[in-house]
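What follows is one structure encoded as structure tokens, with my remarks underneath.
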Amino acid sequence: MPTQALARQRNDSTFPSIWDELTWRGLVHVSTDPEALARALAAGPLTAYCGFDPTAPSLHLGHLTQLLVLRRLQLAGHRPIGLVGGSTGLIGDPRPSAERTLNSRETVAAWVERLREQVGRFLDFEGPSPARMVNNLDWTAGLSAIDFLRDIGKHYRVGTMLKKDAVAARLNSEAGISYTEFSYQILQGYDFLQLYREHGCTLQTGGSDQWGNLTSGIDLIHRVEGVAVHAIGTPLITNSDGRKFSKSEGTAVWLDPESTTPYAFFQFWLNTADADVIERLKVFTFLSRDEIDGLEQAVQERPGAREAQRRLAWEVTALVHGDEAADAARDASAALFGSGDLAALPPAMLEAALAELPSATGEPGTSVAGLLVATGLTASAGESRRAIAQGGVYVDNERVTDAEAVLGPMLHDRFAVLRRGKRTLAAVVRDA
RNA sequence: GGGAGGGUGUCCGAGUGGUUAAAGGAGACGGGCUGUAAACCCGUUGGCUCUGCCUACAGAGGUUCGAAUCCUCUCCCUCCCA
């Protein structure tokens, strides 16, 4: 539970306002009337919410941006509400590409619990502006179809709904769109209305791809309550090379340590491109403008040293997994990449480093190809064979050249370090 | 309800009876160069007990020496009409 990180976080006091800081950090891509919003933020504590739908058992990096926006608002004295989409998760936000497969109610309910716990870790539930967690199932579960159509549906114009990006894209594609997903924006709009009524919530944040859903609530509140509320859309984070940010080796980077180990998480950030690292520091860390400026200079003067990447990796890992996990990941990274001679590492350090990696059991004589599969470094025996043939497999930093190779003597008689490519590592541990 | 078109590997997309495990592209992975970057160059990319075998072109069945390609039924999608 990374409470150290929470306690340490603060906004940069050199900014005249939270609005200025959010802007500087590049977190505002679109918003409702910027002047009115800046004024509202400056006028006193307001309540802001962001929703997280249970589409998987864990949040991923895309969600982290949102969590940090809420946290920054909280640090500025505003009250954050984290919403988990117990009901919206049952419906599915339309993606531009294709219809979602519905998950069972039990699955969604289980994911809701996990997300609720994850979201809770990034906000402070005590202090002067305590956070709050809500589940939209609480106010939609009892809503009848008739009430829904009469009380909410009547405020929606189909013409407007059709113009929403994801909907329009789907209508123009072969996939089409179901009535279920088409209705999603109404549910999200109703959430905002509900939170406005219950908690006086007047600001919703979300990714810019959510803009249509954000304005859905704004319009509804305006119609029903006659009040102008606000929204901030954060930019879609992309890599300078056009590759998808938040994907490592083709799969999402998760906040759950069971899905993405702290070590893998640390490595992901450490490998950030020079061209992206400053932007990432602004969005994903609480470092001050001064500190980030300093790191920017370091990148220009000594890019090879990768100071900014190291700092970024530690900060974000500490934020998500705690200081100890960040230290362990950093030390493991240094130990395993630092020296070519693994046998020279003190056994305790080697053991600690290997504990961060995916592992399998083996002993001298165990097939290397089999171990690659067992550790998850390759997906099949055939892939192992190809990887070895291509010279992409190493045991204890020695390249393996024979597809039939077996494990030799182990480090300290207990360990072996398996490597795929330049930087994907796994541990082999002898069964005690 | 009626009619037309369509469902191919991670994704996009060619292929309308026989060198098709399936063109091409993207993505991903590996090698080289580097800084555990980026860019660039080269290679790989269904599985296995791997000079062979198995499984695959929505699902099931059929025709044929032989099918992703032809036929039947089922499921799903798109468009037009109602």
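Computed from a prediction, not measured in an experiment: that's the story for all the values here. In what follows, every chain begins at residue 1, and chains take the letters A, B, ... in the order their sequences are listed. Note: hydrogens, waters and symmetry copies are ignored here, and every other heavy atom, side chains too, is used.
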I'd like the [atom1] distance from [M] over to [N], given in whole Å.
N	M	atom1	result
B/C80	B/G25	C1'	33 Å
B/A67	B/U78	P	33 Å
B/A56	B/U69	C1'	15 Å
B/G62	B/C12	P	31 Å
B/U10	B/G46	P	9 Å
B/G66	B/G1	P	39 Å
B/G5	B/G9	C1'	23 Å

Next on the checklist: Considering every strand and a 4.0 Å limit on heavy-atom distances, what is the contact class for A/Gly304: base, sugar-phosphate, or nothing?
Outcome noted: base
Checklist entry - With no hydrogens and no angle check, is any side-chain donor or acceptor of A/Arg116 less than 3.5 Å from a backbone partner on A/Gln118? => result no
Item to check | Under the side-chain hydrogen bond (donor to acceptor under 3.5 Å, both in side chains) test, residues paired with A/Thr88 that sit two or more places apart | outcome: A/Asp53, A/Asn136
Next on the checklist: Do A/Thr378 and A/Ser384 pair up side chain to side chain, a donor and an acceptor below 3.5 Å, judged on atom types alone?
Outcome noted: yes
Next on the checklist: Between A/Tyr263 and A/Thr317, is there a side-chain donor-acceptor contact under 3.5 Å, judged purely by atom types and distance?
Outcome noted: no
Next on the checklist: Measuring from the side chain of A/Gln390 (C-beta onward, heavy atoms only), which nucleotide among B/U36, B/G31, B/G43 has the closest atom?
Outcome noted: B/G43
Distance in angstrom units between [X] [atom1] and [N] [atom2], rounded:
X	N	atom1	atom2	value
A/Asp276	B/G35	CG	P	20 Å
A/Arg399	B/G31	CZ	P	7 Å
A/Gln309	B/U34	CD	P	19 Å

Any side-chain N or O of [X] less than 4.0 Å from the OP1 or OP2 oxygen of [N]?
X	N	result
A/Arg386	B/G47	yes
A/Arg423	B/A37	yes
A/Tyr394	B/U36	no

Checklist entry - Given that A/Phe266 and A/Val393 both sit by RNA chain B, which one's nearest nucleotide is further toward the 5' end? => result A/Val393
Checklist entry - Which range-with-range stems can be found for RNA chain B when each stem has 3 or more Watson-Crick or G-U pairs in a row and both distances sit under 3.5 Å? => result B:1-7 with B:75-81, B:10-12 with B:24-26, B:27-32 with B:40-45, B:46-48 with B:52-54, B:58-62 with B:70-74
Item to check | Contacting residues from residues 356-383 of chain A, given that a heavy atom lies under 4.0 angstrom of RNA chain B | outcome: A/Ser380, A/Ala381, A/Gly382
